[in-house]
Amino acid sequence: VFARAIKGPHATGPIDAKRLDYITVTCPFDEGPIHYLDGRTVPTTASARSKPGPYHVDSLRDEFATYDYSSGLYEGTHQLNPPDEDYEDSLPEPVYIVGSWDAFGKPRELKASDDEGVYTTVVALG
C-alpha cells in the first residue's frame with residue numbers, strides 16, 4: 001500500500017528552491033554529485049568546503065565549454081576563475097561521538113590513533 005505523505009520530512013508537494021543548499025546531477029565520468037548549473041563538485045556535509053545555505057555560482061567556464069561534468073575534471077580556461085580554496089580537511093580537535101547505546105546522552109571524546117583521520121572509543125552494548 002502506498003500513500004502520499006502530507007506532513008513531516010517525507011511530505012510531497014512543491015519544493016521551495018530557496019531552502020535548498022544544492023540542486024545536483026550526477027557527473028557521467030566520476031559519478032559524483034555536481035551542481036546542475038556550473039558543474040561544481042558538491043562537497044560532503046562533513047567537509048570543510050561545505051557551507052550552509054543556498055549555493056551561488058562563482059565561476060564561468062570558457063564561452064563554448066559545457067557544464068556536463070565535474071569542475072574537478074575540467075581542464076579548460078575560465079572567463080571567471082573559481083576562487084582559491086585553501087581548506088584543511090582535518091577535523092577539529094577533540095572529536096566526540098554520541099549514540100543510542102546511552103540514549104544519545106553524554107558526548108564521548110574519541111581518541112586519535114597513529115593513522116591520520118582514524119579515531120577510536122570503546123562502547124559497551126547490551
Show the atom names and distances, to 0.1 Å, of all donor-acceptor pairs under 3.5 Å that link a side chain in residues 14-31 to residues at least two apart or in another chain.
unit_1: D16; atom_1: OD1; unit_2: K18; atom_2: N; d: 3.3
unit_1: D21; atom_1: OD1; unit_2: G53; atom_2: N; d: 3.1
unit_1: D30; atom_1: OD1; unit_2: G32; atom_2: N; d: 3.0

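- With a 4.5 Å cut-off between side-chain heavy atoms of Ile, Leu, Val, Met, Phe, Trp and Tyr, the cluster of L60 takes in Y67, L80.
- No hydrogens or angles considered: a donor-acceptor pair under 3.5 Å links the side chains of T41 and S70.
- Residues V42 and Y55 share a single hydrophobic cluster, defined by chaining ILVMFWY side chains whose heavy atoms lie under 4.5 Å apart.
- Under the 4.5 Å side-chain criterion, counting only non-hydrogen atoms from C-beta, Q79 is not in contact with R61.
- Closest non-hydrogen pair, H35 versus D38, comes out as CB-OD1, 3.5 Å.
- Remark: the D62 side chain and the Y74 side chain contain no N/O donor-acceptor pair separated by less than 3.5 Å.
- Interatomic distance, OG of S71 versus CD1 of I34, reported as 8.0 Å (0.5 Å rounding).
- Taking hydrophobic clusters as Ile, Leu, Val, Met, Phe, Trp and Tyr residues chained together by side-chain heavy-atom distances below 4.5 Å, V95 does not share a cluster with V122.
- At a threshold of 4.0 Å, the pair R40-D58 counts as salt-bridged, since one of the basic side-chain nitrogens sits closer than that to a carboxylate oxygen.
- Under the ring pair (Phe, Tyr, Trp, His ring centres under 6.0 Å) criterion, no residue pair touches residues 93-116, with sequence neighbours excluded.
- When all heavy atoms of T12 and R4 are compared, the pair lying nearest together is OG1-NE, 2.6 Å.
- A pairwise comparison of heavy atoms in S59 and H78 identifies CB-CD2, 4.3 Å as the closest pair.
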